[in-house]
Amino acid sequence: MSTRKTTSGIEIKPIYSFAKPITELPGQFPFTRGIQPDMYRGRLWTMRQYAGFSTAEESNKRYHYLLAQGTMGLSVAFDLPTQIGYDSDHEMAEGEVGKVGVAIDSLKDMEALFDGIELEKITTSMTINATASILLAMYIALAKKQGADLKLLSGTIQNDILKEYAARGTYIYPPKPSMRLITDIFEYCSKEVPKWNTISISGYHIREAGSTAVQELAFTLSNGKAYLNAALEKGLDINVFAKRLSFFFNCHNNFFEEIAKFRAARRMWANITKGLGATDEKAMMLRFHTQTGGSTLTAQQPLNNVVRVSNQALAAVLGGTQSLHTNGYDEALSLPTEAAAKIALRTQQVIAFESGVTDTVDPLAGSYFVESLTDEIESAALVYMEKIDALGGAVNAIENGYIQQEIANAAYQYQQEIESGERTIVGVNKFVQEKEGITETLTIDETIRTIQTGQLDRLKKERNQTAVKLALEQLEKAAQTEQNLMPFILAAVEEYATLGEIANTLRKVFGEY
């Protein structure tokens, strides 16, 4: 009988006949079985669809469409210039404006993005890292203009810069000032926007870069430990700020490995937070959003991706996710069309309302295989985390290239397995079709940069230039001290300073990495 392994190299036995007895219940430390005693019987996961493209006005139309289709929360994608702190009229923005997300240059764009949407009544997730403080300030400024109670404002900013250095590349400043901005957000939001999740510690992009499931878990939780330690060094209370941390995981095709990964993640995080002094159980709970695996989607036979996404979404639900985004079947080709976004959302709704998997809590508990695999994934991830701790923690492990090299090695091995045929990808290296029908794709109009640049020109003529200059000068002075920068960023945003102007002010003080 041939040896079979998970994608992380954990050997799978032909049959499992024993696992250690389960004594814990859902909602009890260390939360292996879920963070709520009634899980989806009490409340379904939040069904999100990640969307953002072209101009704020175009994205706003998609948001209204998704809300009408039954989406329960919005998830905003920003274009590359927005992510790395350039306005649309900057030379570095050429060819990228509105392409992989929506272009946001100022509070004016944020107003258009959420036109007709009451921020107090929805939850919003924003996939933004290096410029997270600026986009959050714009969101808060808009909520204030709407007359919303900031104490009721809820949502998440990704705000996870460490994985940018390791896997994704949209960083601006060196690690230390970047970590300062993150802890400033923790501190500010704990007082001013207490329901806001101030960071979504992201394994998603680590996995997209080619890591295994075990590496995704180990590197993500190591980054989480680094954020905990940075906040503790600033004197923040772990029982307060840890409640507002959330996680963002990927879900790939190996069904049982993914379920076991999510169960192991909860248990490991509970023990990490407890070990660092948390005494409130809510501060020990790992709450997470899941997105199905973008890198698993194939351009060949794209309708096969509907099946892949369904498999991954079901694994995320059985693993106990709090929030879920399902990819469009056409995303290996372009941003999703409306039709693809709708079938992706319907996939979640069918699982929620027709499959029966939400009727009982942690339905796979006690499975010999799932319980054994949960333990094995935890053990393998802890080996990586001990290596990272020995290197001085996640920041040092990133600075010396250890994490990047481990991801690169795993990605290379995976690609070798596909090319040799050892790993089957349906429609790619097996069951290949000679001719395929052309799938309709979403195209982004190349004139968007011209539109955005025109709007920026008008904004700069209409706003109070003296007030903008003063706000930016005060931000620059504050950045040279230990003051919390969020009030200064918010003040600049409210005067309609642009994202690029604010990012450049901080570049002057912090430098670029």
Side-chain angles (χ1 to χ4, degrees), residues 6-7 16 19 22 25-27 31-50 66-73 75 123 125 204 213 247-266 286-294 296-297 302-331 336 339-371 373-374 377 426:
T6 71
T7 58
Y16 287 77
I22 301 172
L25 292 170
F31 312 108
T32 315
R33 301 192 60 195
I35 60 169
Q36 303 294 344
D38 57 353
M39 283 303 285
Y40 305 133
R41 284 175 70 106
R43 179 186 171 188
L44 290 173
W45 63 92
T46 301
M47 298 180 195
R48 295 188 187 279
Q49 285 307 110
Y50 185 49
L66 289 170
L67 290 167
Q69 296 299 321
T71 290
M72 296 147 66
S75 186
T123 65
S125 172
Y204 185 84
F247 286 80
F248 174 25
F249 288 115
N250 210 314
C251 197
H252 276 216
N253 288 325
N254 193 306
F255 191 70
F256 291 107
E257 181 177 38
E258 296 301 315
I259 294 165
K261 177 187 78 180
F262 297 134
R263 299 172 94 249
R266 278 192 293 271
L286 181 144
R287 296 163 299 117
F288 68 100
H289 169 72
T290 309
Q291 182 174 339
T292 56
T296 68
L297 303 179
L303 284 174
N304 293 346
N305 295 328
V306 174
V307 183
R308 292 186 178 103
V309 168
S310 302
N311 177 60
Q312 295 162 11
L314 184 58
V317 169
L318 289 169
T321 193
Q322 277 66 64
S323 171
L324 179 60
H325 164 79
T326 31
N327 287 333
Y329 64 80
D330 54 1
E331 286 191 59
K342 182 159 75 171
I343 197 67
L345 177 60
R346 293 289 182 258
T347 301
Q348 295 198 48
Q349 291 164 339
V350 169
I351 291 170
F353 299 108
E354 295 186 31
S355 71
V357 297
T358 62
D359 292 342
T360 190
V361 183
D362 193 22
L364 292 183
S367 155
Y368 295 144
F369 181 35
V370 170
E371 296 296 350
L373 193 53
T374 301
I377 285 173
V426 174

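Shown here are the side-chain hydrogen bond (donor to acceptor under 3.5 Å, both in side chains) partners of Thr46, two or more places apart in sequence or in another chain: there are none. Applying the salt bridge (Lys or Arg N to Asp or Glu O under 4.0 Å) rule to Arg263 yields the partners Asp362, Glu371; only residues at least two apart in sequence or on another chain are considered. Remark: Tyr40 engages Trp45 in a ring pair (Phe, Tyr, Trp, His ring centres under 6.0 Å) (not counting sequence neighbours). With sequence neighbours excluded, the residues satisfying ring pair (Phe, Tyr, Trp, His ring centres under 6.0 Å) with Phe262 are Phe288. When the side-chain hydrogen bond (donor to acceptor under 3.5 Å, both in side chains) test is applied to Tyr329, no partner is found at least two apart in sequence or on another chain. Considering only residues two or more places apart in sequence or on other chains, Glu257 meets the salt bridge (Lys or Arg N to Asp or Glu O under 4.0 Å) condition with none of them. Under the rule for a side-chain hydrogen bond (donor to acceptor under 3.5 Å, both in side chains), the partners of Thr32 that lie at least two apart in sequence or sit in another chain are Glu24. Residues satisfying the side chain to side chain contact (heavy atoms under 4.5 Å, CB included) criterion with Ser355, sequence neighbours excluded, are Ile351, Val357. In this structure, the side chain to side chain contact (heavy atoms under 4.5 Å, CB included) partners of Val350, at least two apart in sequence or on a different chain, are Glu354. Under the side chain to side chain contact (heavy atoms under 4.5 Å, CB included) criterion, Ala265 pairs with Leu217, Phe249, Leu286, sequence neighbours left out. Take Phe255 and apply the ring pair (Phe, Tyr, Trp, His ring centres under 6.0 Å) test, not counting sequence neighbours, and it matches no residue. Every side-chain hydrogen bond (donor to acceptor under 3.5 Å, both in side chains) that Arg308 has, sequence neighbours left out, goes to Thr298, Asn305.
You'll find the side chain of Arg266 stays beyond 4.5 Å of the side chain of Arg33, heavy atoms only. Pro336 has its side chain out of reach of Asn327: every pair of non-hydrogen atoms, C-beta onward, lies at least 4.5 Å apart. In this structure, the side chains of Leu44 and Phe353 come closer than 4.5 Å at one or more pairs of heavy atoms. Side-chain contact between Asp330 and Pro302 is absent, with no heavy-atom pair separated by less than 4.5 Å. Residues Leu345 and Met47 are in side-chain contact: their nearest non-hydrogen atoms beyond the backbone lie under 4.5 Å apart. With contacts defined as side-chain heavy-atom distances shorter than 4.5 Å, the pair Gln312/Asn253 qualifies. Using a 4.5 Å heavy-atom threshold, the side chains of Glu258 and Thr290 count as separate.
Cys251 and Ala316 get closest at one heavy-atom pair: SG-N, 4.0 Å. Nearest approach of His289 to Ser323, heavy atoms of both residues: ND1-OG, 2.7 Å. Nearest heavy atom pair, residue Ile259 against residue Ala315, reads CG1-O, 3.5 Å. The shortest heavy-atom contact between Ala264 and Ile377 is CB-CG2, 4.2 Å. Across all their heavy atoms, Ala341 and Leu66 have their closest contact at CB-CD2, 4.4 Å.
A donor-acceptor distance shorter than 3.5 angstrom exists from the side chain of Lys261 to the backbone of Asn250, with no hydrogens or angles considered. Put simply, the side chain of Tyr204 gets close to the backbone of Gly294: a donor and an acceptor are under 3.5 Å apart. Without hydrogens or angle criteria, Thr326 side chain to Ala344 main chain gives a donor-acceptor distance under 3.5 Å. Here the side chain of Ser367 pairs a donor or acceptor atom with the backbone of Val370 at under 3.5 angstrom.
Note that CG of Asn311 is 9.0 Å distant from CG of Asn254, once rounded to the nearest 0.5 Å. Atom OG1 of Thr358 and atom CZ of Arg43 lie 14.5 Å apart (nearest 0.5 Å). Put simply, CD on Gln348 and CD1 on Ile343 are 12.0 Å apart, with the number rounded to the nearest 0.5 Å.
Within 6.0 Å of CZ on Arg41 lie no more than 12 heavy atoms contributed by other residues, nucleotides or ligands.
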ring-ring contact (aromatic ring centres under 6.0 Å, His included) between Tyr368 and Tyr16, intermediate numbers included: CA-CA 6 Å; Tyr368 295 144; Tyr16 287 77; 8.6 Å; no

Go through the steps to decide whether Val309 and Leu297 satisfy the test side-chain contact (heavy atoms from CB on, under 4.5 Å), and finish with yes or no. CA-CA 8 Å; Val309 168; Leu297 303 179; 4.0 Å; yes

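Between the side chains of Gln291 and Arg48, no donor-acceptor pair of N or O atoms lies under 3.5 Å.
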